[in-house]
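In what follows, a single structure is set out as structure tokens and then discussed.
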Amino acid sequence: MDSPPPRMDQPANRARRAAEATEDFASDRLPPDERRSTLSITLVRMGFTVSATDLLYGMSLGLFFPFWTGVLIAVGSSLVVSVVSILCGLIGQRERITTALGLKAAFGRGGSRLPSLVIALLSAGFVGYSTGITAGVLPGGKDPWLGLVYCVVLSAMYTALSIVGFGKGLTWVGRISVPLMLVTVVIAVIAAINHAGGIGEIVNATPARAGEATALALFALGVNKWMTGATVTPDITRFGKSRSTVYTTTIAEFMVGNFGFNMLGILLGLGVREADMGEAFGIVGVGALATFAIFVQGFPHEVNNMYAASLAGRTAVDLPRIAVNVIAGVLACGLAYYGLSAGILDAFLTYLGYLGYAIPLIPGILAADYFLLRRGRYDLSETAVAAVNWRAVTAYFAGLGINLILGFGFDDKLWHTLPLTGAILYLLFSLPQWRAARQTAAAPVLTEGAR
């Protein structure tokens with residue numbers, strides 16, 4: 001018999017199947033049997049913060065401040081971010097949903113496009129600048145053409161791994177990369193301590209750029225640095241089997257990973273007194289090892305951020321996650337090359353400063369809506385989710401206006417970086433709903449006999 005003629009829609013069918021296979025439950029509650037172990041989630045989450053960006057931020061603290069001042073800034077900013085991460089993470093674990101689905105419940109189906117787009121763009125931006133850091137320490141990375149090649153190749157690799165999803169991509173990347181990065185950076189820091197003449201010399205060292213930045217400004221940048229990461233915590237904690245997973249993995253991510261790498265960066269900054277990461281590692285004689293470490297860390301850090309960008313972007317633009325992943329990869333590649341060309345430290349710190357105006361409002365509104373108005377439970381049915389929750393949208397735009405006035409009009413360094421403005425405004429715009437929620441919670445539950 002003759003074989004049937006090939007179907008004309010085969011390419012379209014293959015594309016549809018690929019899109020469905022990579023959705024990773026982006027638009028639905030995670031099935032209970034898809035939950036993962038705390039260890040797997042811990043390694044994935046630490047993949048965010050065991051990173052060159054945290055090392056670079058710590059180096060900036062060491063360049064600007066004495067040792068103990070830098071440590072206090074790193075601890076304080078890590079604690080603030082941990083609180084936000086726990087609140088958002090509990091939403092994901094309890095409801096088994098992504099950040100984007102939580103935003104859909106809080107802002108409405110149409111209203112959620114705005115905050116989702118903000119998260120997607122800023123997460124992709126973080127990938128871009130982080131990729132620039134990695135490209136800059138690779139051999140010949142400062143050459144414009146070779147640097148461009150590095151940016152393109154790295155972005156393509158991160159995008160491909162992110163497309164695979166949590167189970168086959170993020171989990172295995174974290175298991176391999178996080179331990180390797182920890183070991184190699186610790187070796188580099190030991191070399192830096194020896195280069196400086198001992199830990200005592202570093203603790204008592206005068207910063208190379210003392211007086212060029214204020215402690216409050218760098219504290220705010222530390223909060224900005226991971227406010228996006230704290231906001232997208234539900235993307236990962238939805239895989240957790242219990243609430244304790246949220247607390248355990250948050251401590252691992254921000255108090256061990258984030259603060260730990262900030263601390264290592266402080267030692268490098270004070271011990272080497274050099275702002276360029278590649279040159280700093282070369283000075284202490286571990287250039288090749290550092291190159292390997294930075295290259296390895298890029299995989300968990302960039303893949304995780306790309307994953308967050310794809311989940312949020314899917315809600316923002318109604319495209320399959322795989323398509324959003326590719327778009328985010330192209331954007332990240334462009335920003336990586338820009339950061340590499342403009343000087344990565346100053347470009348990265350400037351980028352962190354702008355994050356504080358747009359991102360913190362989102363977790364503030366999200367937490368206030370879920371814990372105070374919804375009383376810790378979402379109804380995600382089509383009829384229960386509004387087309388647009390104008391109270392949340394108005395709170396976001398009003399908060400953005402206030403943040404811009406505070407930052408540019410009054411030179412505020414801290415308040416506009418905190419989620420409190422968004423939470424307060426949303427509650428003010430929702431006073432009748434808040435009172436109704438409190439009355440419902442306080443009402444006695446009738447027994448069957450009373451009914």
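This structure is a prediction, so every number in the text was calculated from the model and none was measured.
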Inspect the contact between D28 and R96 and indicate whether a charged nitrogen and a carboxylate oxygen are less than 4.0 angstrom apart.
no
Walk me through it: do K225 and D54 pass the test salt bridge (charged side-chain N to carboxylate O under 4.0 Å, His left out)?
CA-CA 8 Å; K225 177 167 58 71; D54 289 283; 2.7 Å; yes
With a 4.5 Å limit on heavy-atom distance, are the side chains of V84 and M227 in contact?
yes
Ring centres under 6.0 angstrom apart (W390, Y396)
no
Pair L311, T99 - check side chain to side chain contact (heavy atoms under 4.5 Å, CB included), show working.
CA-CA 8 Å; L311 289 173; T99 305; over 6 Å; no
Looking at S155 and V152, would you say the former's side chain and the latter's main chain have a donor-acceptor pair under 3.5 Å?
no
State, with a plain yes or no, whether a side-chain heavy atom of D379 is found less than 4.5 Å away from one of V385.
no
Value for CG (L103) from CG (L117), rounded to nearest 0.5 Å, stands at 11.5 Å
Under 3.5 Å: donor-acceptor pair, side chain of S310, backbone of Y307:
yes
Nearest heavy-atom pair of E95 and R377: which atoms, and what distance?
OE2-CA, 3.4 Å
Rounded to the nearest 0.5 Å, how far apart are CG of L55 and CG of N262?
9.0 Å
Separation of T315 OG1 from K104 NZ (nearest 0.5 Å):
5.0 Å
Do the side chain of R238 and the main chain of I91 share a donor and acceptor less than 3.5 angstrom apart?
no
Name the orientation class of the two ring planes belonging to F254 and W226 (parallel below 30°, tilted from 30 to 60°, perpendicular beyond 60°).
perpendicular
Does atom CZ of F371 have more than 12 heavy-atom neighbours, drawn from other residues, nucleotides or ligands, at distances under 6.0 Å?
yes
What I'd like to find out is whether the side chain of V80 reaches to under 4.5 Å of the side chain of L418, using heavy atoms alone.
yes
Apply side chain to side chain contact (heavy atoms under 4.5 Å, CB included) to the pair L61 and F67, showing each step before the final yes or no.
CA-CA 8 Å; L61 292 178; F67 177 78; over 6 Å; no
Does L414 offer a backbone N or O that forms a donor-acceptor pair with the side chain of T417 under 3.5 Å?
yes
Treating N389 as the side-chain partner and G108 as the backbone partner, does any N or O pair qualify as donor plus acceptor under 3.5 Å?
no
Compare all side-chain heavy atoms of I327 with those of L319 and state whether any distance is below 4.5 angstrom.
yes
Heavy-atom pair of closest approach, residues P207 and L270
CA-CD2, 4.1 Å
Considering only heavy atoms from C-beta outward, does the side chain of F64 approach that of T69 to under 4.5 Å?
no
Taking all atoms of both residues into account, what is the closest heavy-atom pair of V223 and S77, and its distance?
N-CB, 3.8 Å
Enter the distance from S82:OG to Y247:OH here, rounded to the nearest 0.5 Å.
12.5 Å
I'd like to check L331 versus L121 (side-chain heavy atoms, cut-off strictly below 4.5 Å). Are they in contact?
yes
Please report the closest heavy-atom contact between A358 and V118, naming both atoms and the distance.
CB-CG1, 4.1 Å
Working to the nearest 0.5 angstrom, can you tell me the gap between T131 OG1 and L154 CG?
6.5 Å
I'd like to know if the side chain of R36 and the backbone of E34 have a donor-acceptor N/O pair within less than 3.5 Å.
yes
Heavy-atom nearest pair, R243 first then Q93, reads CG-OE1, 3.4 Å
Centroid separation under 6.0 Å, is that true for the rings of Y357 and F408?
yes
Backbone N or O of R314 within a donor-acceptor pair of the R321 side chain at under 3.5 Å?
no
For the residue pair S430 and R391, what are the closest heavy atoms and their distance?
OG-NH1, 2.6 Å
Any donor and acceptor pair, going by atom type alone, linking the side chain of T249 with main-chain N or O of T42 inside 3.5 Å?
no
List the steps and the verdict of salt bridge (charged side-chain N to carboxylate O under 4.0 Å, His left out) for D411 and K413.
CA-CA 6 Å; D411 198 28; K413 300 296 188 215; 2.8 Å; yes
Starting from the C-alpha separation in whole Å, work towards a yes-or-no answer on side chain to side chain donor-acceptor pair (under 3.5 Å) for T228 and T231.
CA-CA 5 Å; T228 305; T231 303; 5.9 Å; no
Just by distance, no angles: are the side chains of S85 and T233 close enough, under 3.5 Å, to form a donor-acceptor pair?
yes
Mind checking whether V71 and M263 have side chains closer than 4.5 Å, heavy atoms only?
yes
Quick one: do T250 and R45 satisfy side chain to side chain contact (heavy atoms under 4.5 Å, CB included)? Show the steps, please.
CA-CA 8 Å; T250 297; R45 294 195 66 184; 3.0 Å; yes
For the pair D318 and R113, find out whether any cationic side-chain nitrogen is under 4.0 Å from an anionic carboxylate oxygen.
yes
Strictly distance-based, threshold 3.5 Å: is any side-chain N or O of T214 a donor or acceptor partner for the main-chain N or O of A217?
yes
Excluding sequence neighbours, so at least two apart, what forms ring pair (Phe, Tyr, Trp, His ring centres under 6.0 Å) with Y378?
Y370
So how far is it from N224 CG to F219 CZ, rounded to the nearest 0.5 Å?
10.5 Å
Just checking, any donor-acceptor pair under 3.5 angstrom between side chains of N258 and S78?
yes
Side chain to side chain contact (heavy atoms under 4.5 Å, CB included) between T38 and K241, worked out:
CA-CA 8 Å; T38 298; K241 296 178 180 179; over 6 Å; no
Side-chain donor/acceptor of Y337 to backbone N/O of A332, under 3.5 Å:
no
Under a 3.5 Å threshold, yes or no: a donor from one side chain and an acceptor from the other, between N305 and S123?
no
Taking atom types as modelled and ignoring hydrogens, do the side chains of D369 and Y426 form a donor-acceptor contact shorter than 3.5 angstrom?
yes
Regarding T245 and T248, is there a side-chain donor-to-acceptor distance under 3.5 Å anywhere?
no
Is the shortest side-chain heavy-atom distance between T134 and Y158 below 4.5 Å?
yes
